[in-house]
Amino acid sequence: MAEKKVVRYQLERHKWPDEIEAEKKAKKKKIELILLCIFCFVSGFMVNKHFGKAKVFQDKKFVKLSEVYDIMSNQFYFGKDKENFNEQLINGAISGMVDAGGDIHTAYMNKDDSESFTSSMEGSVVGIGVTMYSLDDSAFIISDILKNSPAEKAGVLPGDQIAAVDGKKVTGKKIDDVIALVTGKSGTEVSIEFVRGKEHFTKKIIRKKVYGTVFSDIKDQTAKIELRTFAETSGEEFGVHLKDIEKAGVKNIIIDLRGNSGGYLNAALEIASYFIDDHEVIFQEDDHEGNVKQYKALEGFKKYKFNKIVVLVDQGTASASEALTGALKERADAIVVGERTYGKGTVQIPLPFNDGSMLKYTIGEWMTPDGHKINKVGIEPDVKVAQEKAFITPMPKLNEQVFKPDTVNPAASSVQIYLDFLGYPVDRSDEYFSFTSSKALQQFQTNHGLIADGNIRAEVCKSLVSEMIQRQKNESYTYDLQLKKAMEIATKN
């Protein structure tokens with residue numbers, strides 16, 4: 001890590017259906033564990049008391065619905081065998097109405113989902129201060145270590161794999177289960193077994209509450225701020241990072257919004273207000289009645305000036321991330337680099353119910369300061385740059401399969417792409433596993449203490465991906481092609 005690196009805690013996010021759909025459309029390789037879903041809101045998340053209780057309709061249109069409910073709850077033969085069947089009927093009816101709207105961003109959440117959603121917006125969690133990837137149900141690889149976090153103090157490094165937590169092996173568990181084991185009450189101790197290469201070691205780490213959704217580091221006179229979600233605290237945290245960056249005499253800034261699926265639109269408004277003059281329009285909202293409301297830069301925010309502002313985006317950049325991108329592009333002369341964004345330009349608000357459930361529904365569509373809508377369109381970058389192929393190539397899912405050279409198999413393409421990225425001499429990247437590539441793999445196995453037979457198996461794939469993550473995280477300005485281009489643009493006279 002660079003000496004001037006400034007890091008805050010990264011909140012893990014659960015991926016809800018609309019985010020999963022976004023990733024499918026983007027063809028992203030990461031099954032990133034970032035656990036809790038974020039959606040775009042008009043302002044800071046609050047319990048909307050003014051909505052009150054759900055209205056009771058006495059309209060004739062609801063007669064049929066009432067009759068069906070009465071029949072299903074009192075006469076349906078299989079209903080007697082179902083626990084809480086009346087509640088299931090009501091929830092099913094609500095979900096059916098919501099789904100009939102055809103909007104993937106409007107959703108009805110039960111109590112558990114609602115609680116997870118609400119906690120995701122707080123911007124803090126108790127843990128050890130890491131983020132990780134879930135490659136499958138047996139490989140949980142650390143991707144980021146937070147500055148001054150319990151994990152950093154314990155010597156945990158990017159690329160380390162979690163093998164067990166408090167003596168419980170994580171093989172076969174889901175990523176949510178592993179997170180639940182790692183997190184806990186502040187001040188409590190957790191024992192984690194890690195794998196680094198062929199070495200197994202155990203660290204006893206004291207959990208603590210850490211805030212943050214923002215990462216930053218400084219290279220020469222250019223700072224990079226990475227924002228992975230827009231939570232309640234994001235605007236304030238972003239400002240803290242900007243203060244540190246200003247003290248370091250930074251001239252240029254790169255704002256990394258890749259993979260950021262959004263969150264509080266109010267947080268985007270606050271962040272934009274650090275760069276855009278007071279009273280300038282930052283974004284606009286078009287409601288269901290055709291009224292347009294303008295949101296302007298907030299007063300009282302310190303203004304930071306840089307020679308160049310570069311915004312990094314990709315197909316996973318959505319919602320509030322796109323709002324911020326559009327504002328910086330049109331009002332702060334930012335240069336947008338990367339790939340076309342996802343195109344989620346709708347605004348949602350939550351309606352909580354007394355039983356703990358919640359309806360999150362779309363109330364409008366937002367526009368850029370110049371009036372451009374991006375829903376289902378996205379934002380086209382000023383400079384298009386595709387990511388390194390190895391980083392978007394999915395890891396093969398293997399169980400006990402072993403693939404030898406001179407065979408055609410589905411894992412060969414990924415393995416050969418990984419080897420090529422890591423500098424091993426392969427001669428192709430399709431699904432034919434050549435003898436040349438097998439020799440390259442054998443050399444990799446030797447270098448990493450694995451069975452050096454040149455054959456493809458699950459442990460080899462995991463080791464290859466772990467090595468790539470370490471390169472990507474520790475030497476990102478070399479191996480991250482989009483970041484590399486952003487740095488070139490930021491520092492070019």
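Remember, it's a predicted structure, so these values are computed and weren't measured experimentally.
Shown here for S273 and F301, the closest heavy-atom pair between the two residues is O-CB, 3.7 Å. Residues S319 and S261 approach most closely at CB-O, 3.3 Å, considering heavy atoms. The two residues I225 and S216 come nearest to each other via the heavy atoms CG1-CB, 3.9 Å. Shown here for C461 and L398, the closest heavy-atom pair between the two residues is SG-CD1, 3.9 Å. Taking every heavy atom of both residues into account, G129 and A151 meet most closely at O-CB, 4.1 Å. Here the shortest heavy-atom pairing between A386 and L481 reads O-CB, 3.9 Å.
Applying the 6.0 Å contact sphere to NZ of K376 captures no more than 12 heavy atoms from other residues, nucleotides or ligands. Annotation for E236: atom CD does not count as buried by contact number, only 12 or fewer foreign heavy atoms lying within 6.0 Å.
Taking the six-membered ring for Trp and thresholds of 30 and 60 degrees, Y274 and F238 have nearly parallel ring planes, at less than 30 degrees apart.
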Can you list the steps and then say if F76 with I71 is a side-chain contact (heavy atoms from CB on, under 4.5 Å)? CA-CA 6 Å; F76 178 56; I71 290 171; 5.8 Å; no
Are V182 and I128 close enough, and set up right, to give a side-chain contact (heavy atoms from CB on, under 4.5 Å), and what steps lead you there? CA-CA 7 Å; V182 172; I128 65 172; 4.0 Å; yes
Candidate pair R207 and S186, rule side chain to side chain donor-acceptor pair (under 3.5 Å), full reasoning: CA-CA 5 Å; R207 302 179 179 100; S186 182; over 6 Å; no
Evaluate the criterion side-chain contact (heavy atoms from CB on, under 4.5 Å) for residue pair R331 and F275; output intermediate values, then yes/no. CA-CA 9 Å; R331 291 296 180 269; F275 301 93; over 6 Å; no
Side chain to side chain donor-acceptor pair (under 3.5 Å) assessment of T106 paired with T362: CA-CA 6 Å; T106 295; T362 298; 3.2 Å; yes
For the pair K397 and Q401, evaluate side chain to side chain donor-acceptor pair (under 3.5 Å) and give the outcome as yes or no after the intermediate values. CA-CA 10 Å; K397 293 187 176 181; Q401 302 102 310; over 6 Å; no
Report the C-alpha distance between K344 and E322 in whole Å, list the side-chain angles of each, state the deciding distance to 0.1 Å, and finish with yes or no for salt bridge (Lys or Arg N to Asp or Glu O under 4.0 Å). CA-CA 8 Å; K344 180 187 179 296; E322 292 172 293; over 6 Å; no
Can F215 and H241 be said to form a side-chain contact (heavy atoms from CB on, under 4.5 Å), step by step? CA-CA 8 Å; F215 289 77; H241 282 262; 5.7 Å; no
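Here the side chains of I456 and N409 are in contact, with some heavy-atom distance below 4.5 Å. Looking only at side-chain heavy atoms (C-beta outward), K169 and E193 come within less than 4.5 Å of each other. Put simply, the side chain of V313 does not reach to within 4.5 Å of the side chain of S321, judged on heavy atoms. Contact check for L181 versus D166: no side-chain heavy atoms found under the 4.5 Å cut-off. Side-chain contact between V156 and I142 is present, with at least one heavy-atom pair separated by less than 4.5 Å. At a threshold of 4.5 Å between non-hydrogen side-chain atoms, the residues L312 and I254 count as touching. Between N86 and I90 the shortest side-chain heavy-atom distance does not fall below 4.5 Å. A 4.5 Å side-chain heavy-atom check between L328 and L324 finds at least one atom pair inside the cut-off.
Under a cutoff of 6.0 Å and an axis angle of 45°, K80 and Y77 form a cation-pi pair. A cation-pi contact, defined as under 6.0 Å to the ring centre and within 45° of the axis, is absent between R457 and F403.
Side-chain atoms of Q88 come within 3.5 Å of backbone atoms of E83 as a donor-acceptor pair (strictly under, hydrogens ignored). A donor-acceptor pair under 3.5 Å links the side-chain atoms of S95 to the main chain of N91, judged by distance alone. Between the E285 side chain and the E365 main chain, no donor and acceptor come within less than 3.5 Å of each other. In this structure, the side chain of S463 does not engage the main chain of E459 through any donor-acceptor pair within 3.5 Å. Between the side chain of D370 and the backbone N or O of H372, no donor-acceptor pair lies under 3.5 Å. A donor-acceptor pair under 3.5 Å is formed between the side chain of T317 and the backbone N or O of L257. Remark: the backbone N or O of V337 is not paired with any side-chain donor or acceptor of Q482 at under 3.5 angstrom. No donor-acceptor distance shorter than 3.5 angstrom exists from the side chain of D177 to the backbone of K173, with no hydrogens or angles considered. Proximity of a side-chain donor or acceptor of E339 to a complementary backbone N or O of K384 within less than 3.5 Å is not detected. Using a distance-only test at 3.5 Å, with no hydrogens or angles considered, no donor-acceptor pair links the side chain of S466 to the main chain of K462.
Side chains of T368 and E330: a donor on one and an acceptor on the other come within 3.5 Å. Side-chain atoms of S414 and T393 form no donor-acceptor pair, as typed in the model, at a separation below 3.5 Å. Between the side chains of T213 and S234, at least one donor N or O lies within less than 3.5 Å of an accepting N or O.
A side chain to side chain contact (heavy atoms under 4.5 Å, CB included) with W366 is found for one member of T346, D286, N375, I374 and no other, namely I374. Test Q387, R471, Q472 against D480 for side-chain hydrogen bond (donor to acceptor under 3.5 Å, both in side chains) and you get one pass: Q387.
With values rounded to the nearest 0.5 angstrom, K224 atom NZ is found 6.0 Å from L483 atom CG. With rounding to the nearest 0.5 Å, the separation of CE in M97 from CG in L65 is 6.5 Å. Expressed to the nearest 0.5 Å, how far NZ of K82 lies from CE of M72 amounts to 8.5 Å. For the atom pair CD of E232 and CD of E270, the computed distance is 10.5 Å after rounding to the nearest 0.5 Å. Distance check: M468 CE to I417 CD1 gives 9.5 Å after rounding to the nearest 0.5 Å. Of the inter-residue distances, the one linking T341 atom OG1 with N260 atom CG reads 11.5 Å to the nearest 0.5 angstrom.
With respect to R258 and D256, a salt bridge is recorded, a charged nitrogen being found less than 4.0 Å from a carboxylate O. A salt bridge does not link D314 with R340: every distance from a Lys NZ or Arg NE/NH1/NH2 to an Asp or Glu carboxylate oxygen is 4.0 Å or more.
Side-chain rings of F194 and F201 approach one another, their centers coming within less than 6.0 Å. The aromatic ring centres of F421 and F391 sit less than 6.0 Å apart.
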